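Owing to the predicted nature of the structure, the values given are computational and were not obtained by experimental measurement. Within every chain, numbering begins at 1; the chains are lettered A, B, ... in the order of the sequence lines, protein sequences first and strands thereafter.
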There are 4 protein chains.
Amino acid sequence: MPRNAPPKAQTQVERRQKSEQALLDAAASLIAERGVEQTSLAKIGERAGASRGLPTHHFKSKDALVARLARRSQDRVIEATRNVFEHGEKVRDDIPALDVLRTMLDTYLELFQHPTTEERALIVMWGATFPSEASIDGMLEADQRSYDGLADLIQRGKQDGSIRCDIDARASAVAFFGMMRGVAALVLTESDFQDMHHVRSTCDAWIVGALAPTPTSDGSG
Amino acid sequence: MPRNAPPKAQTQVERRQKSEQALLDAAASLIAERGVEQTSLAKIGERAGASRGLPTHHFKSKDALVARLARRSQDRVIEATRNVFEHGEKVRDDIPALDVLRTMLDTYLELFQHPTTEERALIVMWGATFPSEASIDGMLEADQRSYDGLADLIQRGKQDGSIRCDIDARASAVAFFGMMRGVAALVLTESDFQDMHHVRSTCDAWIVGALAPTPTSDGSG
Amino acid sequence: MPRNAPPKAQTQVERRQKSEQALLDAAASLIAERGVEQTSLAKIGERAGASRGLPTHHFKSKDALVARLARRSQDRVIEATRNVFEHGEKVRDDIPALDVLRTMLDTYLELFQHPTTEERALIVMWGATFPSEASIDGMLEADQRSYDGLADLIQRGKQDGSIRCDIDARASAVAFFGMMRGVAALVLTESDFQDMHHVRSTCDAWIVGALAPTPTSDGSG
Amino acid sequence: MPRNAPPKAQTQVERRQKSEQALLDAAASLIAERGVEQTSLAKIGERAGASRGLPTHHFKSKDALVARLARRSQDRVIEATRNVFEHGEKVRDDIPALDVLRTMLDTYLELFQHPTTEERALIVMWGATFPSEASIDGMLEADQRSYDGLADLIQRGKQDGSIRCDIDARASAVAFFGMMRGVAALVLTESDFQDMHHVRSTCDAWIVGALAPTPTSDGSG
DNA sequence: AATGAATGAGACTTCATTCAT
DNA sequence: AATGAATGAAGTCTCATTCAT
């Protein structure tokens, strides 16, 4: 063996990773149900089918665990919206930016039509960042990245002609992101919105109405 | 009251109400800072300049106190948006519904440009309702009322001609309410949005684009 | 009532002070038995005949409780040595300093012949200050005061003629204090020193030999 | 082992001993800093540059490790004081007992003028034996041996004429040992005793004054 | 020989609530 | 009306120890 690669570490590492995923799954479901503060490390361990002490053992602290979960949840949601476009390894650069935005929002809301425990947990953790002194590490940074990505996307749309030129990219990103999260949270809270289909198409219409070039200009001539 | 009319009966009541308001103020600021769970009754009492036992004495339980605060905060915000229209005791029935919606959203966002402790507390409490099992008494009901009011208003707009006829009133209310709350929360979290002015005008444009009758439709005859 | 003396606070205060003494007594006995670190707040509460939460409720933290105990224990020991001289309110300024020192040490060691729980706790807490990062608030400061008092006393002895002039007061205070504490600790540790009587007279002889003016100078003539 | 004779069999043992010393060094420094109870096996392993599990692997239990360290520390201090006399393999039988005692104490205190981590750890462990139920294996036994040795030495001094005949050997041993340890502990605690030189000469004077034959007795003849 | 994953007991502390004053 | 003493449950985190690798 050229390097000091430990031959048996494989299984050790496997065990650790398996535990970690189980713990994060348990944490996600508990947080979705009761919120961050009401979820104790002991309960996470128990629901994961492990000991009460394991969560601390793995993540050193509750904050670290929640931060880890926040990142994982956001990655998963982002990946889910991305998968709509990239079935193979296709990139989406050739798709009009507005279409990307529309699909993104629609996919997002579709997720929350029958939300898994992890999607709900993501919104719950978002809610936990509202107090001024609270900060879930990784949540805010990832949000910032999402917001930056949206602003870039909108800017690109202004160049590819799918988005009107007279709008403010950054402000529109805030409006878009805010509506996405806000509507998702509302839907989660009031579980009697069974007309989710209407909500989705309405939101889609809002985006088009706000960002698409005015149809009169090209058709009226 | 017939017997031995207490000379300062009013003062007694006054004092009680004064205490109550002080306690709610203290609770609002603490909740805005640290969240609902991290705010203890003892700290509320202390910040209100009273004893540790007073909050329990007045509100019987923490849940009751938070519920009371939730209602007060929502009332205040609603009142703030209403005041724009009713300087005397005027009603707003003669104003086009779309204008009411636009002003409402703009006023709301203006509040969060320099949010007081109470507005932030409201959003924090909203975030606390995201877990499926959590419920802040009075929070969801008031939201439901707000949502119903919005749906009615939109419906009215469809009749007074300020809002397009082909839109779904209830779904649009969700989109409107979601954007309002979502953008407010985003602004609260990322304090570096100093271009709030752009955000407000952008949101206004979104509403107009989504709800206003298409300019071609009224001109085409 | 001239002052705002609360009429019923009396009993409240009494209750608090009673609890406090009981807690400190319990803490002293537990610390004497098992040491500072091995004594838990829960056990203190239980031994005091109270709840597990009371110690924290009273003293806010374990450190504060231990600090409080350290001060009380030192005060009591100092008072015990002082009582030998002041049966009424006599002061000891007229007693030769050397005699004061001798009586002080002898009384101290006598205490440790059949040490109460509190005296042992004092030595245990002294031992807990040995780690460089550990600090029991109040312990070191009180020790410093004791040491300063000893140095002053020795200095006075050099003036009243009971102590030789060629000795260093501060260094002698260290030797005296060190021997006092060290012998006490040794006696505590090795419980089979039943010849405590010899130890006491030996220590007395050491002091006299070290500090008294050489007997040859006055008697040999 | 029959097959593929390990070429570094000796290195195996060496390595083990090297690990052990590294672990004890790490333990000594940690105990000197934070005390016995606050020192965890995991931290010892880490500071020794090894794994968290190594301390347990080597010493089976924390008590065993501490006992091992106590013995090593005492051996080293004893050896240090002994080295002053035996530069080769000379024994000290021909040196007057009082001189041995004086040198012993002076060397001891010199060690604590700039104490290494191990000397401080020794005192810390001594302090950890003060609680009545606590016992660091090997600590008390070694102390007892030291004390016995001192008593024997004093007894010998009474025969070789360097020590007065009318003193009690065992009680004097207690006084000597107590002063030695007590002054050392004091010096460790109050790090501002920079006049250590005076303390050392003062202690020396105390011993001489207490144990040496009175100058009149030998000069009067 | 050595690592580190896992356990479970126990520590300190916070806190809502009850109750005497 | 108001205070604050007291309780006991629960939370996070530390740690010695066991065990699989």
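Summarising the geometry, atom CG belonging to C/Leu23 is positioned 5.5 Å from atom NE2 belonging to C/His58; distances are rounded to the nearest 0.5 Å.
Looking at residues 20-31 of chain A, you'll see that no heavy atom sits under 4.0 Å from any atom of DNA chain F.
The phosphate of E/dA5 has OP1 or OP2 within less than 4.0 Å of a side-chain N or O from A/Arg16. One finds no side-chain N or O of C/Ser19 lying less than 4.0 angstrom from the OP1 or OP2 phosphate oxygen of F/dA5.
Looking at residues two or more places apart in sequence or on another chain, you find a side-chain hydrogen bond (donor to acceptor under 3.5 Å, both in side chains) between B/Glu118 and B/Arg72, B/Ser73, B/Arg76. With sequence neighbours excluded, no residue forms a side-chain hydrogen bond (donor to acceptor under 3.5 Å, both in side chains) with B/Thr56. Qualifying salt bridge (charged side-chain N to carboxylate O under 4.0 Å, His left out) partners for D/Arg47, counting only residues two or more places apart in sequence or in other chains: D/Glu33. B/Arg71 is linked by a side-chain hydrogen bond (donor to acceptor under 3.5 Å, both in side chains) to nothing, counting only residues two or more places apart in sequence or in another chain. Qualifying side-chain hydrogen bond (donor to acceptor under 3.5 Å, both in side chains) partners for B/Glu20, counting only residues two or more places apart in sequence or in other chains: B/Arg68. Judged as a side chain to side chain contact (heavy atoms under 4.5 Å, CB included), and not counting sequence neighbours, the contacts of A/Ala50 are A/Leu54.
With rounding to whole Å, D/Glu46 atom CD is found 15 Å from E/dA2 atom C1'. In this structure, C/Gln17 places its CD atom 11 Å from P of F/dA6, rounding to the nearest Å. We find that NE2 of A/His58 is positioned 7 Å from C1' of E/dA5, with the value rounded to whole Å. Atom pair C/Leu54:CG and E/dC15:P shows a separation of 18 Å (rounding to whole Å applied). Atom pair A/Arg15:CZ and E/dA5:P shows a separation of 8 Å (rounding to whole Å applied). Nucleotide E/dA11 holds its P atom 11 Å from the CD1 atom of C/Ile44, rounded to whole Å. Put simply, CD on C/Glu14 is 12 Å from P on F/dA6, counting in whole angstrom units.
Proximity of B/Leu122 to B/Met139: side-chain heavy atoms (C-beta onward) are separated by under 4.5 Å at one or more points.
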Heavy-atom contacts, protein to nucleotides 12-18 of chain F, under 4.0 Å, summarised as B (base), S (sugar-phosphate only) or - (none) per nt, yield SBBSSBB

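For D/Glu141 (side chain) and D/Gly138 (main-chain N/O), a donor-acceptor pair under 3.5 Å exists by modelled atom type.
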Which pairs of donor and acceptor atoms, one on a side chain in residues 128-135 of chain D, lie under 3.5 Å apart (sequence neighbours left out)?
| unit_1 | atom_1 | unit_2 | atom_2 | d |
| --- | --- | --- | --- | --- |
| D/Thr129 | OG1 | D/Trp126 | O | 2.5 |

Indicate every side-chain donor-acceptor pair of residues 35-44 of chain B with a distance under 3.5 Å to a residue at least two apart or in another chain.
| unit_1 | atom_1 | unit_2 | atom_2 | d |
| --- | --- | --- | --- | --- |
| B/Glu37 | OE1 | A/Gln38 | NE2 | 2.7 |
| B/Gln38 | NE2 | A/Glu37 | OE1 | 2.8 |
| B/Thr39 | OG1 | B/Leu30 | O | 3.4 |
| B/Thr39 | OG1 | B/Gly35 | O | 2.8 |
| B/Ser40 | OG | B/Lys43 | N | 3.2 |

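For DNA chain E, if you chain together Watson-Crick or G-U pairs that step i with j, i+1 with j-1 and so on, the runs of at least three with distances under 3.5 Å are E:2-21 with F:2-21.
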